[in-house]
There are 2 protein chains.
Amino acid sequence: MEKYVHILKGKGLKITPQRLTILKYLDENRTHPDADIIYNDLKSMNPSLSRTTVYNTLDAMRNIKIIQELTISKTETRYDYHTDPHHHFLCMKCGSIIDVDIKCPHQDSKEVDGHRIEEIHGYFKGICKICSNE
Amino acid sequence: MEKYVHILKGKGLKITPQRLTILKYLDENRTHPDADIIYNDLKSMNPSLSRTTVYNTLDAMRNIKIIQELTISKTETRYDYHTDPHHHFLCMKCGSIIDVDIKCPHQDSKEVDGHRIEEIHGYFKGICKICSNE
DNA sequence: TCCTAACTGGTAATCATTACAAATTAAAAA
DNA sequence: TTTTTAATTTGTAATGATTACCAGTTAGGA
């Protein structure tokens with residue numbers, strides 16, 4: 001848990017039990033969950049947790065860039081504990097998001113056509129290996 | 001207008017005035033509009049047009065792949081008349097989506113890590129050239 | 001011209017996310 | 001350690017894009 005305290009402190013965020021819990025959850029669940037899944041999974045162990053806090057916390061952590069928002073799915077925002085740059089595959093059948101580790105020549109670009117880049121997202125959509133085999 | 005009749009017929013969609021109007025609009029407005037903007041822009045000339053028809057039509061045209069859905073923005077789905085593959089830049093200040101014509105080595109891939117690809121999206125987010133200069 | 005499945009339009013429902021305000025708490029200052 | 005204050009948490013209500021539903025209309029083949 002000291003690890004998460006350190007990460008938050010380093011970025012100037014106040015340490016709260018809720019933030020530690022959510023950050024730990026994202027670190028240990030690399031399934032690209034959405035806010036509602038995070039809320040429901042943590043609710044049982046943290047009965048006072050509020051949905052709004054989950055949203056607020058995710059937003060705060062996105063601001064300091066320790067997590068990343070994925071807008072690959074049309075219906076909900078999903079979250080990714082931010083480490084090395086990588087692309088994502090969304091299965092249009094089962095809805096799971098899978099990391100794809102491919103080389104992208106633009107991954108470290110700071111601008112395109114004069115526009116300043118802050119985030120780069122590579123999204124593939126299709127049918128995943130498992131769903132393809134029925 | 002014959003052009004759009006031909007496109008729809010070729011894909012087996014029924015020809016309706018609404019579909020022709022919406023397809024023409026997307027061809028002539030490469031601003032990546034969302035359903036609401038399309039609805040409002042066309043409503044004055046087509047008073048009987050319904051919001052539901054706009055959604056239905058966009059969905060039908062996406063199915064036959066003559067237009068593309070962009071999920072780059074968190075709040076709404078935006079649409080692109082589908083031509084050559086290209087990536088997109090979203091300005092986080094003014095909200096505009098700009099085409100970026102860069103080479104991507106994965107643009108024509110049919111699969112990654114065994115997962116069958118149907119769509120490829122390259123999204124850059126940041127501050128556009130115009131907003132950067134205040 | 002007739003027939004039928006497909007399409008349109010209007011309203012109501014859904015659902016993720018945000019707004020708001022009162023109560024609580026982290027952590028800096030005394 | 002205690003005090004103080006701004007930041008955070010929580011629950012509820014509001015928002016807004018999208019979808020569901022269904023009655024009425026229409027495209028286009030027979």
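Naming convention: chains lettered A, B, ... in sequence-line order (proteins, then strands); numbering from 1 in each chain. Every value quoted in this text rests on a predicted model; they were computed, and no experiment measured them.
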Contacts of B/Tyr123 that satisfy ring-ring contact (aromatic ring centres under 6.0 Å, His included) - sequence neighbours left out: A/Tyr123, B/His121
A/Asp113 backbone acceptor or donor facing B/Lys129 side chain under 3.5 Å: yes
Interface residues of residues 65-77 of chain A with DNA chain C (non-hydrogen, below 4.0 angstrom): A/Thr75, A/Glu76, A/Thr77
Sub-4.0 Å heavy-atom contacts from residues 39-54 of chain B onto DNA chain C, ordered by number: B/Ser48, B/Leu49, B/Ser50, B/Thr52, B/Thr53
All salt bridge (Lys or Arg N to Asp or Glu O under 4.0 Å) counterparts of B/Glu118, not counting sequence neighbours: B/Arg116
Side chain to side chain contact (heavy atoms under 4.5 Å, CB included) partners for A/Ser132, two or more places apart: A/Ile127
I'd like a list of close polar pairs between nucleotides 14-16 of chain D and the protein, N/O only, cut-off under 3.5 Å.
none

Pair listing, salt bridge (charged side-chain N to carboxylate O under 4.0 Å, His left out) test, anchored in residues 34-49 of chain A, at least two apart: A/Asp36-A/Arg51
Output a table of donor-acceptor pairs, distance under 3.5 Å, between side-chain atoms of residues 11-21 of chain B and any protein atom two or more places apart or on a different chain; print 'none' if there are none.
residue, atom, partner, partner atom, Å
B/Thr16, OG1, B/Arg19, N, 3.1
B/Arg19, NH1, B/Lys14, O, 3.1
B/Thr21, OG1, B/Pro17, O, 2.7

Distance, nearest 0.5 Å, that separates CG of A/Leu8 from NE2 of A/His6: 11.0 Å
Duplex segments of DNA chain C, taken as runs of at least three Watson-Crick or G-U pairs that stay under 3.5 Å: C:1-30 with D:1-30
By side chain to side chain contact (heavy atoms under 4.5 Å, CB included) - contacts of B/Thr31 (at least two apart): B/Asn29, B/Pro33
Within residues 16-37 of chain B, residues whose heavy atoms come under 4.0 Å of DNA chain C: B/Thr16, B/Gln18, B/Arg19
Exercise answer: donor-acceptor pairs, residues 102-112 of chain A side-chain atoms, under 3.5 Å, sequence neighbours excluded:
residue, atom, partner, partner atom, Å
A/His106, NE2, B/Lys103, O, 2.7
A/Ser109, OG, A/His106, O, 3.1

A/Lys24/A/Asp27 under salt bridge (Lys or Arg N to Asp or Glu O under 4.0 Å): CA gap, chis, key distance, verdict: CA-CA 5 Å; A/Lys24 180 171 188 284; A/Asp27 188 17; over 6 Å; no
